[in-house]
Amino acid sequence: MPSQMLREFAALNVFHFLLIFARLGTVVMFMPAISSTMIPPRTRLLLALLLAFIITPLVTATMPDRPKEPLALAFMFATEITVGLYLGMLMQMLMSAIDLAGNFMGYSMGITNALISDPTTEQQSQLISGFLNLASATLMLLTNTHHLILRAIVDSYTLFTPGAPLPMGDFSSQLVTTLGASFMLGLKLAAPLFIFSLVFNVGLGLLNRLVPQMQVFFVGMPMQILGGLAILSLSMAAILYGYIQYFGHAVDAYLAPG
């Protein structure tokens, strides 16, 4: 009898650990500063395993009993992976704000053809976008914003209890709202470059009218890039501070009270 109880206890603990790893491992694959292609997938999986070991004692009270039916067991793991995908996509949409801001700045500065391989977005992106993605990810680690992300993952077991029905409608609504807010923030962060581009291009148009013989494109392009870089350097601190504040407030909504 004691050996049977020990086997049941061990099986239940393994079930809880795997259930936590299903959600946590999915989130880690999309987590900012960790989902970069510069970090191998094996390293991310090992990190997810380590975090699952740490988090398991904290959320065991919210874990359901192991179902007897295989179909119910598979459905429970599928719901946990779905919650992990939701949280991961939410963080990626929050990160898209800084990527959109970089794209808008590149258009305003006239360097849309300066493309690099961005490890954060895993695709070819503009030079400014890659720089801002790297700077924001570094600032997240320096300001311990990743600790806030981990707290939100732990508290998500209170908001989305394992085994309970998922609010898919709320998931879709929140993702759409977050994407719209990220787009608006990207426009706001790129506003200084938008204003510079508008004033500069109006000035070039007037100059072209006054001096038709001058090749304003060849004269204005280096000045536009130089002026854009100067404005970006002056506003960089405010841009990163505003983005980190936005990211922190968005993640804070998923923290349990107290």
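Starting from 1, each residue takes its place in the sequence as its number.
- In the model, Ser96 has no side-chain atom that pairs as donor or acceptor with a side-chain atom of Gln92 under 3.5 Å.
- Between the side chain of Thr145 and the main chain of Leu141, no donor-acceptor pair closer than 3.5 Å is present.
- The one candidate from Asn144, Ile55, Asp155, Leu51 that meets the side-chain contact (heavy atoms from CB on, under 4.5 Å) condition with Leu150 is Leu51.
- For the atom pair CG (Leu185) and CD1 (Ile239), the distance works out to 10.0 Å, reported to the nearest 0.5 Å.
- Tyr157 has its side chain within reach of Glu80: a pair of non-hydrogen atoms, C-beta onward, lies under 4.5 Å apart.
- Within the 4.5 Å cutoff, side-chain heavy atoms of Tyr86 are placed close to those of Gln174.
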Checklist entry - Can you check side chain to side chain contact (heavy atoms under 4.5 Å, CB included) on Val27 and Leu85, steps first, answer last? => result CA-CA 6 Å; Val27 176; Leu85 281 173; over 6 Å; no
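- Counting heavy atoms from C-beta outward, Met29 and Leu45 have side chains that approach closer than 4.5 Å.
- A 4.5 Å side-chain heavy-atom check between Leu204 and Met223 finds every atom pair outside the cut-off.
- In this structure, the ring of Phe77 has its center no less than 6.0 angstrom from the ring center of Phe21.
- Interatomic distance, CZ of Phe30 versus CE of Met93, reported as 11.0 Å (0.5 Å rounding).
- Proximity of Thr79 to Pro162: side-chain heavy atoms (C-beta onward) are nowhere separated by under 4.5 Å.
- Taking NE2 of His249 as the reference point, atom CG of Leu148 lies at 10.5 Å (rounded to 0.5 Å).
- Relative ring orientation between Phe171 and Phe160 is described as perpendicular, the plane-to-plane angle rising above 60° on a 0-90° scale split at 30° and 60°.
- At least one side-chain heavy atom of Met95 sits less than 4.5 Å from a side-chain heavy atom of Met140.
- In this structure, CE in Met76 is found 12.0 Å from CD in Glu69, a value given to the nearest 0.5 Å.
- Side-chain contact between Leu179 and Leu175: absent, with no pair of heavy atoms (C-beta onward) separated by less than 4.5 Å.
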Next on the checklist: side chain to side chain contact (heavy atoms under 4.5 Å, CB included) for Ile149 and Ile153? Distances and angles first, verdict last.
Outcome noted: CA-CA 6 Å; Ile149 297 174; Ile153 295 173; 4.2 Å; yes
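- Rounded to the nearest 0.5 Å, atoms CG (Leu193) and CD1 (Ile231) are 6.0 Å apart.
- Nearest heavy-atom pair across Ser182 and Leu100 is O-CD1, 4.3 Å.
- For Ala135 against Leu240, the heavy-atom pair with the smallest separation is CB-CD1, 4.0 Å.
- There is no side-chain donor-acceptor pair under 3.5 Å between Ser129 and Asn133.
- The minimum heavy-atom distance linking Ala48 with Leu24 is given by the pair O-CD2, 3.6 Å.
- Side-chain N/O atoms of Thr82 and Arg23 include no donor and acceptor closer than 3.5 Å.
- Note: Tyr243 and Tyr246 have tilted aromatic rings, judged against thresholds of 30 and 60 degrees for the angle between ring planes.
- In this structure, CG in Leu189 is found 10.5 Å from CE in Met236, a value given to the nearest 0.5 Å.
- Not one N or O on the side chain of Asp252 forms a donor-acceptor pair closer than 3.5 Å with the backbone of Gly248.
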